[in-house]
Amino acid sequence: MDYEKIEKKWQEIWEKEKAFEAVDFDKKPKYFGLVEFPYPSGVGIHIGHVKAYSSMEVLCRMKRLQGYNVMFPIGWDAFGLPTENYAIKHNVAPRIATDENIKNIKKQLKAVGFSFDWSREIDTTDEKYFKWTQWIFSKLYEKGLVYKSKAFVNYCPSCDVILSNEESQGGVCDRCSSQVVQKEKEVWFLKIREYADRLLSGLDHLDFPDRVKEGQRHWIGKSTGAEVDFDLKVDGCVCDKLKIYTTRCDTLFGVTFMVVAPEHPMLEKYRNKISNWDEIVAYGEEAKKKTEFDRVQMNKDKTGVKIEGVVAVNPLNKKEVPIFVADYVMMGYGTGAIMAVPAHDNRDFEFAKKFGCDIKPVIAGGDVDKEAYTDIAAGVMINSDFLNGKTVKEAQKLMIEYLTKNGIGNAKTNFQMKDWAFNRQRYWGEPFPIVYCDKCGTVLVPEKDLPVTLPHMDKFKPSKNGESPLAEVEEWVNCTCPKCGGKAKRETDTMPQWAGSSWYFLRYMDPHNDSCLADRSKMEYWGPIDVYNGGMEHVTRHLIYSRFWNMFLYDIGVVPFEEPYKKRTTIGLVLGEDGNKMSKSLGNVVDPMDIIKKFGADVLRLYILFMSDYECPAPWSNTNISGCKRFLDRVERMADLVDNFDGVHEEHISKFNNAISKVTADIESFKFNTAISCLMSLANDIYADGYLSKKEYRLFLQLLYPFAPHSAEELNERVGFAEHLSKSCWPNLMEDNSVKMVKIAVQVNGKLRTVLTVQENAGKDDVLKLVEGDEKTSASLKIAKKIVFVPNKIVNLVV
RNA sequence: GCCAAAGUGGCGGAAUGGUAGACGCAUCAGACUCAAAAUCUGACGAGGGCAACUUCAUGAGGGUUCGAGUCCCUCCUUUGGUACCA
């Protein structure tokens, strides 16, 4: 078969017939299959794209034949750093580079034959699109879910540029390889933490794989505990409180010291009272220098400085305990201060050993001279006044009651998830709909003036002082205040790449709407998404961000569903032939376009789904792929076996029925590899018989069609069917009146002795008669103590 | 460290607690061919036996069960994710 020719032929036919366009409000049941839209990079599509899209492709092609009104859309997540860097290097406008890349990738995706609905194509860098990204930001701002605060960012002192986490991996600048430092900067934050509890509880009702749910739960990081006020004693008198957060309020009697983060405000407040202030400042400076890199490398060696001049008082027993500054306590979590119970916490234990603090056990059972005793389940309280003799759980409950009653503390829930830092010092991103006016302060650009577009720039060199390149475009920065009409300046930072992808699935439902992000009735028809397939790398970012935005839009009445994705499926990585991750430096990258040139798109599609379980990572193989090519060739030659029989041969019915149910079920559950092997087996069976009817051939091609649509369509036409497979109906099971035979294994003590062929659903007595008649098993049957009989499966003689 | 997933032939991988190794690759043999390729047929976990057959095999060790690759416990290894979270 001339793959190049027939693939082109059928792609043109489908396009002409608009075979894959989704119809708004159609009476058929809707089916929305979503894949993660690609970043249009200059390199073109990766083999991973082919795998990611092939699964949904197969599912959607089947669903269409099953009578669903299928939406399988695609678009471009086109803002981002690689394009900007390319623009800097080659002095090409990002807009132009993006358009070129999109054109190229589109051509490639079409060459694979994906049945995308191209009429709904979207592009996050299109002004008509990002107008609504800005609009959503405005709504978040109006509802008080946006705030500006100082935070640390990665900064390269040599390039004088702020870097993203991706650009500063290993603590080294991506461009010049010099050491990255932390720089304080004004950052826009979205209050995703306000949605933490709902993002967590919403997971319970979603059909996501467990590892995805667990990943999100872990990221949200809910912990329940208590806040407790310790007294601060300065110059011998109690004059202030120190609020701490703990999950182990049961151990309050075991507190032997306190620790505060180097940035804790109490330090500055009492600087005059702290006799070793210089030492504290020096330690703080040292801690600040620690970059992301240091924290990841994290030698767990505890460092810290004891504060001289201020002590804390345990509110329960009025005991004085020293306070330390140490960077193992973070200002960004809890209250930035902790009570330390070295007897029952590993970190506190380590710190106490190093700094010679007391270790006081309050739970019986451990040897606290050797290590912290952290078992919560066992153990009984000791040395703890009114808690003595209670279990840890009882003690926690009693302690919270006590704290609340006496006004020294309260129950408190904390989340590890941080608010979403939402700005980047970049050109190629959505501008904020924000201006700064001397008179009115921070002002939102009104909806009628959206979108705020990007100015044209000639040079895309990185700007200095860690500012966005946009800061240099004066005629753009200077504007009038929408409130008072006076002079104002635009926000020059742009939104992160996650912004545009946080709501794109909504836009597919109504991609050309100019008056709102999408018509509500269309969202009611299409939403929520039936299946969303994508990679594990998006579990804690994109998948949480987009759920957050959708939930927010639901709250303000824009979107009719609270959760956007009913079901999530995940894809396993395609590794290089050497078993390593594909990378340019290892030289093990497989270009899908090369494979298409050599084998054709259908073979590529078949092999990528056949090579392993879809969710598992698996190495690519340039030799194994030939098995899929041989299979397609065999299917083509199968036409020579077609006889003149009208209908389906009776002796073939059960084979085809078996294939129909297996392929259908396997596609639905993403077990594409076994669906394909089932078709291979069926082909082998047909070859062994040496004949099949025309109708059977078509049935086979229909089952093959979702995987290898070009070949299937071509062969269907060649054998003389006028109706295209793309317009046909998915095969149903045929009536089967034949007597089915099954094989029953006969075991003695669980070991296989023989295999009997009997009628399906044969009774125990009939089967045992055969067992008695078989010389290999009859002797065992006579002395059997027990006989286990499972219909159609097994007989086990226990002797 | 913690969380999750996974360890099955020479290789990629199949197996609702019920015949381990489906399907494919590679290899070997045969057919076709002047020959090669392609194709078709067959063999293909390891040991023992002329054979019918038989024993051992799913990372290691225990356990539950009539029966365990599958369930439980301990351990080892690999791969992801996450990280001084109080």
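Quick note on labels: first sequence line is chain A, next is B, and so on, each numbered from 1.
Distance from the side chain of A:Thr540 is smallest for B:U82 among the nucleotides B:G18, B:G24, B:U82. Closest to the A:Ser612 side chain, of the nucleotides B:C25, B:A83, B:G13, is B:G13. Of the listed nucleotides (B:U82, B:C66, B:U16), B:U82 has the atom at the smallest distance from the side chain of A:His218. In this structure, of B:G24, B:C3, B:C66, it is B:C3 that holds the atom nearest to the side chain of A:Glu214.
The residue A:Asp345 sits apart from the nucleic acid: no heavy atom pair falls under 4.0 Å. In this structure, A:Lys751 reaches the sugar-phosphate backbone alone: every heavy-atom distance under 4.0 Å involves primed, P, OP1 or OP2 atoms, never a base. Among the protein residues, A:Asn346 comes within range of no part of the nucleic acid, since none of its heavy atoms lies under 4.0 Å from any strand. A:Val341 comes within contact range of no nucleotide atom at all, as no heavy-atom separation falls under 4.0 Å. Counting any heavy atom pair closer than 4.0 Å across all strands shown, A:Asn684 reaches sugar-phosphate atoms only and no base atom. At the heavy-atom level, A:Thr247 lies under 4.0 Å from the strands shown only through sugar-phosphate atoms.
For the pair A:Asp348 CG and B:C84 C1', the interatomic distance rounds to 10 Å; values are reported in whole Å.
Annotation: B:U39 and B:C32 have their C1' atoms spaced 9 Å apart (nearest Å).
With a glycosidic angle no further than 90° from 0, B:G9 counts as syn.
The structure places CD1 of A:Ile608 at 8.5 Å from OH of A:Tyr614, a figure rounded to the nearest 0.5 Å.
Two residues, A:Gly221 and A:Gly627, neighbour RNA chain B, and the one matched to the more 5' nucleotide by heavy-atom proximity is A:Gly627.
Across all strands shown, nothing is found opposite B:A51 as a Watson-Crick or G-U wobble partner with both distances under 3.5 Å.
You won't find any donor-acceptor pair under 3.5 Å spanning the side chain of A:Lys785 and the base of B:C66, going by distance alone.
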Give the intermediate values and the outcome of side-chain contact (heavy atoms from CB on, under 4.5 Å) for residues A:Phe656 and A:Leu682. CA-CA 8 Å; A:Phe656 272 90; A:Leu682 181 58; 4.0 Å; yes
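Between A:Ser223 and A:Tyr333, the side chains place a donor N or O and an acceptor N or O closer than 3.5 Å (distance only, hydrogens not considered).
A:Lys306 forms no cation-pi arrangement with A:Phe257, by the criterion of a distance under 6.0 Å to the ring centre and an angle within 45° of the ring axis.
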